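Every value quoted in this text rests on a predicted model; they were computed, and no experiment measured them. Here is the naming used below: chain letters follow the sequence lines, and residue numbers restart at 1 for every chain.
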Amino acid sequence: MRWTQTYIPTLRENPSEAELVSHQLLLRGGYIRKLAAGVYIYLPLMQRVIEKFANIVREEMNRAGAIEITMPVLHPAEIWQMSGRYNTVGKEQMRLKDRHEHELVLGGTHEEIVTYLLRGELKSYKQLPINLYQIQVKFRDEIRPRFGLMRGREFIMKDAYTFDENEESFKVSYQKMLSAYFAIFKRAGLDTRKVESDTGAMGGKAAHEFMLIVDTEGGEQQLIFCDKCGYAANMEKAIFREANPPKPDPELLEKKEVDTPGASTIEEVTSYLKVTPKKLVKTLIFLADSKPVAALVRGDRELNIVKLKNSLGANELEMASASVVEKITRCPVGFAGPIGLPNIPMIVDPEVTRLTNFIVGANKNEKHIINVNFGRDFNSKSIADIVNAEAGEMCPHCDGHLVEKKGIEVGNTFMLGVKYSKSMDANFLDAEGKEKPFIMGSYGIGITRTPQAAIEKYHDEKGIIWPKNIAPYLVEILPLNYEKDEHKSAAEQIYNELVSNNIDCLLDDRLERAGVKFFDGDLIGIPIRLVIGDKSLKQGKIEMKYRGSPDSELVDINDVLEEVRKLLGKIN
RNA sequence: CGGGGUGUGGCGCAGCCCGGCUAGCGCACUUGCUUUGGGAGCAAGGAGUCGGAGGUUCAAAUCCUCUCACCCCGACCA
């Protein structure tokens with residue numbers, strides 16, 4: 001492709017809307033433009049990146065035995081009512097009515113549709129297993145779209161769905177997808193890690209996420225890894241063993257109400273009473289499906305809202321507002337405690353039950369109770385791990401320690417079990433002629449977010465450094481002065497040679513000054529740059545440079561094809 | 001949804017608090033001359049009615065009301 005014949009609107013300045021480097025580079029490099037919050041136009045370069053990545057995904061999916069189909073984006077609401085998710089997915093689902101006032105939704109995922117497709121049509125175990133996938137647009141009305149393509153409302157996703165007759169067969173199907181995912185990300189030049197994750201609104205039994213580890217602020221998820229065994233989980237899911245549990249006091253002291261004037265935060269209370277946060281228990285009030293509940297965690301811990309939600313079996317969970325807290329505790333915010341709380345469900349973290357002589361709020365203004373002990377002074381049958389794991393704690397599976405990293409989710413896999421097949425009555429006949437629901441799995445890869453994640457990982461101060469297999473072009477030919485016949489003819493000769501050998505080339509045939517071409521070239525991040533200028537041309541050579549390295553080398557103009565191939569073989 | 005902020009040529013911004021003549025600046029764009037290995041110089045030009053609606057006023061980008069859009073923050077305070 002010639003630069004003057006495509007459309008690459010690079011920007012010199014950063015649009016004010018972009019926060020993340022990757023988002024800024026996509027805008028500045030002329031890859032995307034925003035149409036509305038979380039809705040983007042993919043310009044020619046982005047279109048090529050998407051195609052390249054989608055093709056890798058397609059090839060590996062096909063290789064793993066999956067079959068491509070395309071399902072609609074517009075769904076009748078009834079289908080979502082069948083599975084019951086119409087009431088649980090919440091406001092994230094875009095809903096609309098047609099001219100007949102018929103309720104429709106824009107699909108954010110397609111479990112219902114694919115299950116609907118196969119129920120009634122696929123009747124025999126002989127047709128199983130089957131894996132159907134698509135590469136399709138999705139809509140999710142995110143609370144707060146941000147970070148460009150990373151959290152958009154409209155985005156492209158590869159989603160696959162497996163149907164199996166039993167657990168053993170399902171395990172094979174699931175494993176095949178995991179292997180395919182590793183192959184896909186490897187080919188895309190992205191070293192990803194598989195972590196355990198919560199199943200969330202998808203439901204089902206277990207789930208994994210594929211994460212690209214980054215150390216920029218683009219890392220949207222906190223991850224926990226064991227430094228010894230393979231344990232890896234995201235923060236929502238991660239469990240741990242405490243490395244240094246506080247020693248229990250030798251005797252249980254009598255509980256006592258004390259004044260804590262003006263001390264309502266953990267910090268204020270601990271410094272006023274001269275104790276560590278580990279001696280404190282905080283009582284947090286939440287609304288679970290609009291009903292108040294209390295959650296008790298040690299003062300030094302962070303509450304894990306997903307764990308809490310799961311232990312309650314709640315659909316919606318939010319922090320109670322100050323006014324609700326005050327109504328329940330009958331005192332100002334900051335002094336809630338388990339003793340004397342009205343009869344609401346109370347979830348207690350196990351660490352609290354092991355603590356002795358600890359401090360809680362007294363449900364009275366500016367008062368706390370010291371020397372409180374679980375079992376003696378208050379009780380609850382709901383004891384569950386509801387806190388975040390932290391770096392430094394012990395691995396739950398071995399004697400290693402946990403470390404924290406940040407990552408960007410690029411893929412996920414869910415073991416759905418019979419959640420959808422059962423609720424939607426999607427059954428087949430097994431070898432004994434018995435009717436059974438399909439065992440299902442669902443598998444996503446963010447087609448538009450993955451390239452942005454790649455940029456977040458691979459860039460420098462000048463611009464993008466694409467992994468070769470998802471780069472819009474492999475080679476950029478940069479004649480310093482296209483008006484000069486020697487430059488032009490050399491550029492054309494190389495261009496034709498590479499193109500006729502199926503190497504994607506971008507020829508910067510603009511009548512721009514050299515500097516402009518260099519800056520734009522670095523910005524858009526094409527892996528190999530071939531510079532044609534007087535200095536080297538006199539010797540019958542051109543300059544070849546990999547975007548990820550500072551140095552260029554001179555290669556003979558007649559060996560360009562071979563040299564380019566050699567370099568391509570060496571780079572990521 | 002709650003809190004904060006911003007909407008002024010394609011992009012980035014100034015002007016607004018303390019209303020006043022043809023609304024500025026940089027980049028980009030067009031034309032010409034010069035220049036030509038890391039975002040060129042000079043000259044001449046085109047393009048905005050100040051997010052929208054209503055109001056106050058002799059006069060509104062500027063003040064007031066409503067509205068829309070976009071951006072940022074929002075568990076660890078109980």
Side-chain angles (χ1 to χ4, degrees), chain A residues 9-20 23-24 27-28 30 33-39 90-91 143-148 222 235-236 260 263-269 277 280-287 292 294-309 316-329 331-338 341 349 360-363 365-366 368 386-388 390 462-463 478-484 487 510-523 529 531-537 542-543 545 552:
Chain A
T10 57
L11 300 173
R12 204 174 278 213
E13 288 165 289
N14 258 330
S16 57
E17 70 195 52
E19 287 268 299
L20 292 189
H23 187 192
Q24 292 173 345
L27 287 165
R28 281 220 295 140
R33 287 293 182 266
K34 188 177 72 176
L35 183 63
V39 181
K91 297 203 178 94
I143 316 171
R144 197 177 151 204
R146 57 182 140 177
F147 303 146
Q222 291 294 113
M235 192 53 90
E236 295 178 346
T260 49
S264 64
T265 66
I266 296 291
E267 205 173 84
E268 287 162 354
V269 174
L280 216 69
V281 167
K282 46 187 178 186
T283 304
L284 302 129
I285 310 293
F286 282 83
L287 291 177
L296 271 68
V297 302
R298 219 169 57 193
D300 61 318
R301 293 296 186 195
E302 292 177 12
L303 183 104
N304 182 315
I305 207 159
V306 172
K307 287 183 181 175
L308 178 60
K309 193 170 162 180
E316 305 248 347
L317 185 70
E318 53 174 349
M319 290 217 88
S321 64
S323 62
V324 171
V325 172
E326 283 168 16
K327 209 189 266 173
I328 290 166
T329 61
C331 78
V333 167
F335 302 94
L341 208 59
D349 187 82
V360 299
N363 297 316
N365 193 20
E366 311 209 318
H368 280 76
I386 51 171
V387 301
N388 279 343
E390 283 172 37
K462 291 178 181 163
L478 199 160
L480 290 175
N481 192 339
Y482 196 69
E483 276 174 307
K484 270 195 184 170
H487 291 199
R510 292 177 299 172
L511 305 178
E512 285 287 352
R513 298 171 62 84
V516 173
K517 295 189 182 188
F518 282 131
F519 272 90
D520 277 344
D522 289 341
L523 178 60
R529 184 182 77 192
V531 172
I532 294 158
D534 288 331
K535 275 189 255 167
S536 52
L537 211 51
I542 56 134
E543 286 165 40
K545 180 179 172 296
S552 60

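- Between A:Arg510 atom CZ and B:G39 atom P the separation is 14 Å, expressed in whole Å.
- For the P atoms, the distance from B:G2 to B:C66 is 15 Å, rounded to whole Å.
- For A:Ser16, the side chain to side chain contact (heavy atoms under 4.5 Å, CB included) test picks out no residue, with sequence neighbours left out.
- Comparing B:G41 with B:G20, their P atoms are spaced 34 Å from each other, to the whole Å.
- Residue-level contact check: A:Arg529 touches the bases, meaning some heavy atom is under 4.0 Å from a base atom.
- Between A:Leu480 atom CG and B:G38 atom P the separation is 9 Å, expressed in whole Å.
- Base contact: A:Leu303 has a heavy atom under 4.0 Å from a base atom.
- Among B:C1, B:C13, B:C71, the nucleotide with an atom closest to any side-chain atom of A:Ser16 is B:C13.
- Judged as a salt bridge (Lys or Arg N to Asp or Glu O under 4.0 Å), and not counting sequence neighbours, A:Lys282 has no contacts.
- Using a 4.0 Å heavy-atom distance criterion, A:Phe286 is classed as making no nucleic acid contact.
- A:Gly334 comes within 4.0 angstrom of the backbone, heavy atoms only, and of no base.
- Around the CD atom of A:Glu267, the shell of radius 6.0 Å holds no more than 12 heavy atoms that belong to other residues, nucleotides or ligands.
- By the ring pair (Phe, Tyr, Trp, His ring centres under 6.0 Å) test, A:Phe335 is found to be paired with A:His368, residues two or more places apart in sequence or in another chain being considered.
- Across the C1' atoms, B:A14 and B:G24 are found 7 Å apart, a figure rounded to whole Å.
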For nucleotides 23-30 of chain B, give me every protein contact, N/O to N/O, under 3.5 Å, one pair per line with atom names.
from: B:G26; atom 1: N2; to: A:Glu13; atom 2: OE1; distance (Å): 2.8
from: B:A28; atom 1: OP1; to: A:Arg12; atom 2: NH2; distance (Å): 3.0

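- Across all strands shown, A:Lys517 has no heavy atoms under 4.0 Å from either base or sugar-phosphate atoms.
- Residue A:Glu326 is out of contact with every strand shown, counting any heavy-atom pair closer than 4.0 Å.
- A:Met235 places its CE atom 16 Å from the P atom of B:C76, with the value rounded to the nearest Å.
- Residue A:Asn304 is out of contact with every strand shown, counting any heavy-atom pair closer than 4.0 Å.
- The shortest distance between the side-chain N/O atoms of A:Lys462 and the OP1/OP2 oxygens of B:G38 is not below 4.0 Å.
- Under the salt bridge (Lys or Arg N to Asp or Glu O under 4.0 Å) criterion, A:Arg513 pairs with no residue at all, not counting sequence neighbours.
- In this model, the phosphate group of B:A78 is not approached by any side-chain N or O of A:Thr329 to a distance below 4.0 Å at OP1 or OP2.
- For A:Asp520 against B:G39, a side-chain-to-base donor-acceptor contact under 3.5 Å is present.
- At least one side-chain nitrogen or oxygen of A:Arg513 sits closer than 4.0 Å to the OP1 or OP2 atom of B:A40.
- Here A:Glu318 lies out of heavy-atom contact (under 4.0 Å) with every strand.
- B:U6 and B:U67 have their C1' atoms separated by 16 Å, given to the nearest Å.
- Among the atoms of the strands shown, base atoms are found under 4.0 Å from some heavy atom of A:Val333.
- Separation of the P atoms belonging to B:U49 and B:U35 is 40 Å when rounded to the nearest angstrom.
- Between A:Leu284 atom CG and B:A75 atom C1' there is a gap of 8 Å when expressed in whole angstrom units.
- Atom CZ of A:Phe518 is separated from atom C1' of B:U36 by 12 Å (rounded to the nearest Å).
- Separation of the P atoms belonging to B:C25 and B:G15 is 15 Å when rounded to the nearest angstrom.
- The nearest pair of heavy atoms linking A:Pro145 to A:Gly38 is CB-CA, 3.8 Å.
- In this entry the distance linking NZ of A:Lys34 with P of B:G7 reads 15 Å, nearest Å.
- A:Arg33 comes within 4.0 angstrom of no nucleic acid atom, judged by non-hydrogen atoms across all strands.
- With B:A78, B:C76, B:G37 as the candidates, the nucleotide lying closest to the side chain of A:Glu302 is B:C76.
- As a whole-Å value, the separation of A:Gln24 CD from B:G12 C1' is 13 Å.
- The base of B:G38 sits with one of its N or O atoms less than 3.5 Å from a complementary donor or acceptor on the side chain of A:Asp522.
- Inspection of the A:Asp520 and A:Thr10 side chains reveals an N or O donor paired with an N or O acceptor under 3.5 Å.
- In this structure, A:Ile386 and A:Ala295 approach most closely via the heavy-atom pair CD1-CB, 4.0 Å.
- Residue A:Ser536 places its side chain closer to B:G37 than to any other of B:G37, B:C70, B:G38.
- Nucleotides of RNA chain B nearest to A:Ile285 and A:Arg28 differ in position, and the one nearer the 5' end is that of A:Arg28.
- Counting only heavy atoms from C-beta on, A:Ile266 has its side chain closest to B:A78 among B:G39, B:A78, B:C72.
- At a threshold of 4.0 Å, the pair A:Arg301-A:Glu390 counts as salt-bridged, since one of the basic side-chain nitrogens sits closer than that to a carboxylate oxygen.
- Residues meeting the side-chain hydrogen bond (donor to acceptor under 3.5 Å, both in side chains) test with A:Glu302, sequence neighbours left out: A:Asn388.
- Distance, A:Ile542 CD1 to B:G37 P: 18 Å, rounded to whole Å.
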